[in-house]
Q: 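Before I ask anything, let me first share the structure, which is written out below as structure tokens.
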Amino acid sequence: MRIVIIITFILVPFFLTAQQRPQYTQYIMNQYILNPALSGIENNADARLSYRQQWQGLEGAPVTIYFTAHKPIGIQNNPVTGLTTISDAEETNNIGSQSYSDLEFKNHHGLGMQIINDKIGPFNQTNINITYAYHLAINTKVRLSSGTSVGFSRQSLNTKSLNFGSINPSDPSVGSTSTTMAKNNFNLSAGLWLYSSNFFLGASAQQLSPVTIDYSEGAIIGSNNRKLLPHFFFTGGYKLPINEDFAIVPSFMLKKVDPLPIQGEANVKALYNNSIWAGGTYRFKYGFAALAGISIMSNIDVTYSYDYSTTSLNKVSNGTHEVQFGFSLKTKYNNTECPKNIW
């Protein structure tokens with residue numbers, strides 16, 4: 001399939017102020033990628049590497065790779081934040097227990113970083129962000145964290161990959177001497193996260209700093225009608241323990257990017273002993289996704305997901321594949337087999 005088709009089908013909507021941030025299926029395994037308020041939410045440091053191949057089989061389709069890492073700062077030398085003694089921790093190694101994070105909670109800070117690369121045909125965007133959050137106990141069960149993310153975003157266009165066919169083989173808007181046009185922009189995000197041992201509600205906004213871009217005469221310049229727009233996310237979920245080994249976690253996400261209508265999806269995930277999980281997603285007016293994962297050696301986990309589109313895309317692609325690797329760095333008193341706030 002000629003690259004001009006990809007430019008028309010994928011890149012042009014970017015210029016026309018459509019969704020400009022990567023799509024994730026496994027954000028439910030790493031909501032930190034959407035909301036900086038999750039920085040340092042657990043006792044342990046958390047690192048994740050993800051690869052997403054969207055619309056497999058379609059030339060120039062989006063490919064997203066990211067690495068995230070975050071950790072708590074300022075947690076007191078308490079055996080386990082949220083527990084009063086080590087024996088309390090030893091008694092709560094099951095899904096059904098609600099006491100794991102309902103005891104004493106220490107207010108603390110969190111720091112993290114995100115490196116995200118999103119490639120669509122000849123267009124490439126890289127985001128590098130530093131995140132900060134503060135976690136505050138509202139009462140013995142509910143906490144509220146607020147976070148922010150600052151960094152830079154680099155948009156680039158590889159003009160060697162452009163092929164305008166017989167329409168205009170030497171379009172001056174992409175220049176004649178430069179092979180790559182690029183521009184760096186300031187990036188600002190913010191978020192809130194309300195959570196306890198059995199629920200979460202989150203709100204976040206990305207690309208809050210106003211930026212205009214255009215491609216002309218071998219450079220990216222300002223334009224009033226080609227903007228990097230704010231992306232707003234609202235998420236929520238509830239953990240339903242079935243017994244000491246099983247739990248069900250239904251969740252949802254709403255996303256708003258002007259001028260598009262609100263986009264929504266519903267998820268459900270089943271967990272066994274916090275070490276094996278499987279679930280599914282329904283993305284309204286788009287399709288379905290399935291995921292499954294396993295925890296290895298208590299502090300390493302792997303999750304795979306597959307998206308199937310019910311739109312006309314399924315005629316030209318073989319679906320979307322996404323894999324995520326997670327690693328939790330234990331400390332002396334951590335219990336990474338039973339996370340308190342992220343399931």
Side-chain angles (χ1 to χ4, degrees), residues 19-42 44-56 58 61-71 110 112-120 123-131 147 149 151 153-154 187 189 191 202 204 206-207 231 233 235 237 249 251 253 255 265 267 269 271 275-281 283 286-297 299-309 317-329 336 339 342-343:
Q19 178 176 308
Q20 301 161 352
R21 303 290 293 188
Q23 176 79 42
Y24 307 106
T25 296
Q26 294 189 38
Y27 74 91
I28 55 177
M29 302 299 300
N30 185 25
Q31 297 217 36
Y32 170 66
I33 195 68
L34 299 180
N35 194 331
L38 277 84
S39 303
I41 194 170
E42 298 287 354
N44 51 276
D46 181 89
R48 298 199 169 266
L49 178 66
S50 176
Y51 174 86
R52 178 181 175 88
Q53 172 66 68
Q54 194 160 319
W55 307 331
Q56 178 73 37
L58 184 62
V63 175
T64 303
I65 301 173
Y66 75 69
F67 173 78
T68 64
H70 60 99
K71 63 175 295 185
M113 65 174 297
Q114 302 171 339
I115 303 175
I116 307 167
N117 181 260
D118 190 40
K119 181 176 174 58
I120 307 175
F123 177 78
N124 193 81
Q125 178 169 263
T126 300
N127 291 275
I128 299 178
N129 305 308
I130 301 298
T131 68
S149 168
S153 175
R154 179 178 176 84
N187 197 10
S189 301
S204 62
Q206 299 179 347
Q207 291 187 176
H231 288 46
F233 302 88
T235 58
V249 182
S251 62
M253 180 178 72
K255 178 168 54 180
E265 57 186 74
N267 316 287
K269 184 173 63 175
L271 300 91
S275 59
I276 301 175
W277 52 90
T281 295
R283 194 166 291 130
Y286 177 81
F288 302 87
L291 67 84
I294 186 170
S295 180
I296 305 170
M297 299 171 55
N299 65 329
I300 300 175
D301 60 80
V302 181
T303 306
Y304 167 79
S305 62
Y306 175 79
D307 294 25
Y308 175 80
S309 175
S317 76
N318 301 318
T320 297
H321 304 271
E322 186 174 341
V323 62
Q324 182 183 124
F325 299 91
F327 178 76
S328 296
L329 179 63
T336 56
I342 303 298
W343 322 301

Q: Under the rule for side-chain contact (heavy atoms from CB on, under 4.5 Å), what residues qualify as partners of Thr68, not counting sequence neighbours?
A: Asn30, Tyr32, Ile33, Arg48, Tyr66, Gln114
Q: So how far is it from Arg154 CZ to Asn124 CG, rounded to the nearest 0.5 Å?
A: 9.0 Å
Q: Drop me the distance from Met113's CE to Ser39's OG, to the nearest 0.5 angstrom.
A: 12.0 Å
Q: Does Trp277 reach the side chain of Ile28, with side-chain heavy atoms less than 4.5 Å apart?
A: no
Q: Grab the two heavy atoms, one from Ser189 and one from Gln207, that are nearest each other, plus how far apart they are.
A: OG-N, 3.9 Å
Q: Out of curiosity, Gln26 CD to Thr303 OG1, how far, rounded to the nearest 0.5 Å?
A: 5.0 Å
Q: Does the side chain of Glu322 reach to within under 4.5 Å of the side chain of Gln23, using non-hydrogen atoms?
A: no
Q: Name all residues meeting the side chain to side chain donor-acceptor pair (under 3.5 Å) criterion together with Ser251; count only those two or more places apart in sequence or in a different chain, and write none if there are none.
A: Asn267
Q: For Ser328, is there any backbone N or O sitting under 3.5 Å from a side-chain donor or acceptor partner on Asp46?
A: no
Q: For side chain to side chain contact (heavy atoms under 4.5 Å, CB included), just list the numbers for Leu34 and Gln206, CA-CA rounded to whole Å, side-chain angles, deciding distance to a tenth of an Å, and then say yes or no.
A: CA-CA 8 Å; Leu34 299 180; Gln206 299 179 347; 4.3 Å; yes
Q: Measuring only between side-chain heavy atoms, which start at C-beta, is Glu265 closer than 4.5 Å to Tyr27?
A: yes
Q: Looking at every heavy atom in both Pro62 and Asp118, which two are closest together, and how far apart are they?
A: CB-OD1, 4.5 Å
Q: Holding to side-chain contact (heavy atoms from CB on, under 4.5 Å), I want the full list of residues that pass it with Tyr51, two or more places apart in sequence or in another chain.
A: Gln53, Val63, Ile65, Val323
Q: Run the side chain to side chain donor-acceptor pair (under 3.5 Å) test against Thr235 and tell me which residues pass, sequence neighbours left out.
A: Gln31
Q: Applying side-chain contact (heavy atoms from CB on, under 4.5 Å), name anything that partners Ala290, two or more places apart in sequence or on another chain.
A: none
Q: Does Arg52 reach the side chain of Asp307, with side-chain heavy atoms less than 4.5 Å apart?
A: yes
Q: The criterion is side-chain contact (heavy atoms from CB on, under 4.5 Å); which residues satisfy it with Ile128, sequence neighbours excluded?
A: Ile115, Thr126, Phe152
Q: Can you find a heavy atom in the side chain of Leu329 that is under 4.5 Å from one in the side chain of Lys71?
A: no
Q: Which heavy atom of Gly191 sits nearest to which heavy atom of Ala37, and what is that distance?
A: O-CB, 3.6 Å
Q: Are Trp55 and Ser309 linked by a side-chain donor-acceptor pair shorter than 3.5 Å?
A: no
Q: How long is the gap from CD1 on Ile296 to CZ on Phe325, to the nearest 0.5 Å?
A: 8.5 Å
Q: In Å, rounded to the nearest 0.5 Å, how long is the span from OG1 of Thr25 to OH of Tyr304?
A: 10.0 Å
Q: Decide side-chain hydrogen bond (donor to acceptor under 3.5 Å, both in side chains) for Ser153 and Asn127; before the verdict, give the C-alpha distance in whole Å, the side-chain angles of both, and the deciding distance to 0.1 Å.
A: CA-CA 4 Å; Ser153 175; Asn127 291 275; 3.1 Å; yes
